[in-house]
There are 2 protein chains.
Amino acid sequence: MTQLNQITLDSQLCFALYTANKKYNHFYQEALAPFNLTYSQYIALLSLYEQAPMTVKELGNHLNLDSGTLTPLLKRLEKQGWVTRTRSTEDERQMIIDLTKMAQQNQADLYNRVTSCQKLLGLTTDQYQALVVAVDKISDQLDLVDADHLIATVPD
Amino acid sequence: MTQLNQITLDSQLCFALYTANKKYNHFYQEALAPFNLTYSQYIALLSLYEQAPMTVKELGNHLNLDSGTLTPLLKRLEKQGWVTRTRSTEDERQMIIDLTKMAQQNQADLYNRVTSCQKLLGLTTDQYQALVVAVDKISDQLDLVDADHLIATVPD
DNA sequence: TTAGAATAAATTGCGTACAATTTAGCTGAT
DNA sequence: ATCAGCTAAATTGTACGCAATTTATTCTAA
């Protein structure tokens, strides 16, 4: 038997990301508790605070999510009063998502809460930004190695 | 209105991690396709290749997953012939998870496939390990700021 | 003009994740 | 010895995330 145990869980970048992402989810669950928002709902709102209204398609492009995820998520945000969902009159295939007045009124509170919580992380702005750059680099590498390339290149 | 738009999606570490993690999932979905394994099933097997048998509890400690996730996942792995699930005789509360002969026979193939795919990422060993360290550091920071601390420290 | 292709969103189905509860088995203090 | 409390796993319920399909609408080329 050759060296089989070189792949340990703790040495894997995928597992580090998987773990950090889950912990971040937990972190945001607490940060967002006063607003009754999930993390996914929060990033959808973040995107809409940057630009609204947007179609489901456009929002999906920003978040890398498809309608299978967004449709039920947005229905929940609508139910809780954060967004409106309106069929476009000029193209009835499209659903226009916009922020409610309540969402706009809560923007500052939401940002303040998140910012306060983030300060507890104990990272300097430089450290934080360096990490964003490093993690984005992983995403870029993974984009290069997309599914087709991988299937075509590596035999089973 | 003060500077509200300082929180952009692309500047957020959480979103970078969230995105990279999803892309990694997709990457592994292709890498693992020949074995019909999900990413979560794969890391469960990785853990068991390092140490088997294990109870569900022990496995959950390694993976940071609870029985709500592991029980159905392990039942699927059992159904596909990778693991066995046996009630412990000395403590019947515990379920002992062990690798099947098939799982052992496929270990080398699985490792080779994953290793081949990882090479396509175009990261040197040093770069890769540096990223693991960086991402683990995020997890460590998030551990420090746990739920109780956060709730106790930051007013709504 | 109109049938077929393309597109947007919704739906369906499966597999996580995880909080909360339930069930079953163990353990220790009285 | 026994019962209250603890523990392990399973179960329940909710919310993603995504592949695949369906439905409705728009576009486009003959």
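Keep in mind that the numbers below use all heavy atoms, side chains included, and drop hydrogens, waters and symmetry copies. Chain naming here is simple, since letters A, B, ... match the order of the sequence lines and numbering starts at 1 in each.
Between A:Leu70 atom CG and D:dA15 atom C1' the separation is 13 Å, expressed in whole Å. Between the C1' atom of D:dA9 and the CG atom of B:Leu63 lies a distance of 16 Å, rounded to the nearest Å. Atom CG in B:Leu65 sits roughly 16 Å away from atom P in C:dG15 (whole-Å rounding). The interatomic distance linking A:Gln41 (CD) with D:dT14 (P) rounds to 14 Å, in whole Å.
With hydrogens and angles ignored, a donor-acceptor pair closer than 3.5 Å exists between the side chain of A:Ser67 and the base of C:dA10. Between the side chain of A:Thr71 and the base of C:dA9 there is no donor-acceptor pair of N/O atoms closer than 3.5 Å.
At the heavy-atom level, B:Asn21 lies nowhere under 4.0 Å from the strands shown. Residue A:Glu58 is out of contact with every strand shown, counting any heavy-atom pair closer than 4.0 Å.
Here the side chains of B:Trp82 and B:Leu48 are not in contact, with every heavy-atom distance at 4.5 Å or above. Side-chain contact between A:Tyr128 and A:Gln118 is present, with heavy atoms from C-beta onward closer than 4.5 Å. In this structure the side chain of B:Leu17 reaches within 4.5 angstrom of the side chain of A:Leu17, judged on heavy atoms.
Within the 4.0 Å cut-off from OP1 or OP2 of D:dA15, not a single side-chain nitrogen or oxygen of A:Thr38 is found. Between B:Thr69 and C:dG15, a side-chain N or O to OP1/OP2 separation shorter than 4.0 Å is absent. At the phosphate of D:dA10, neither OP1 nor OP2 sits under 4.0 Å from any side-chain N or O atom of B:Lys57. In this model, the phosphate group of C:dA24 is not approached by any side-chain N or O of B:Gln94 to a distance below 4.0 Å at OP1 or OP2. The side chain of B:Arg85 contributes no N or O atom lying less than 4.0 Å from OP1 or OP2 of D:dA8. Side-chain nitrogen and oxygen atoms of B:Lys75 include at least one within less than 4.0 Å of the OP1 or OP2 phosphate oxygen of D:dT11. Close to C:dT16, at under 4.0 Å from its OP1 or OP2, lies a side-chain N or O of B:Arg76. Distances shown here put every side-chain N or O of B:Lys22 at or beyond 4.0 Å from the OP1 or OP2 atom of D:dG17.
Evaluated for a ring-ring contact (aromatic ring centres under 6.0 Å, His included) with A:Tyr18, the options B:Tyr39, B:Tyr28, B:Tyr24 yield exactly one hit, B:Tyr39.
Side-chain proximity of A:Met95 to C:dC26, C:dA10, C:dT7: nearest is C:dA10. Closest to the B:Asp66 side chain, of the nucleotides C:dT16, C:dA6, C:dC18, is C:dC18. You'll find that the side chain of B:Arg93 is closest to C:dG25, out of D:dT26, C:dG25, D:dA10.
Projected onto DNA chain C by closest heavy-atom contact, A:Thr55 and A:Gln29 fall at different nucleotides, the more 5' of which corresponds to A:Thr55. Residue-to-nucleotide proximity on DNA chain D shows that, of B:Lys23 and B:Asp91, the 5′-proximal contact is made by B:Asp91. Ranked by how close their nearest DNA chain C nucleotide is to the 5' end, A:Tyr18 and A:Arg87 are led by A:Arg87. Nucleotides of DNA chain D nearest to A:Thr89 and A:Ser40 differ in position, and the one nearer the 5' end is that of A:Ser40.
With 3.5 Å as the limit, one finds no donor-acceptor pair spanning the side chains of A:Glu58 and A:Gln94.
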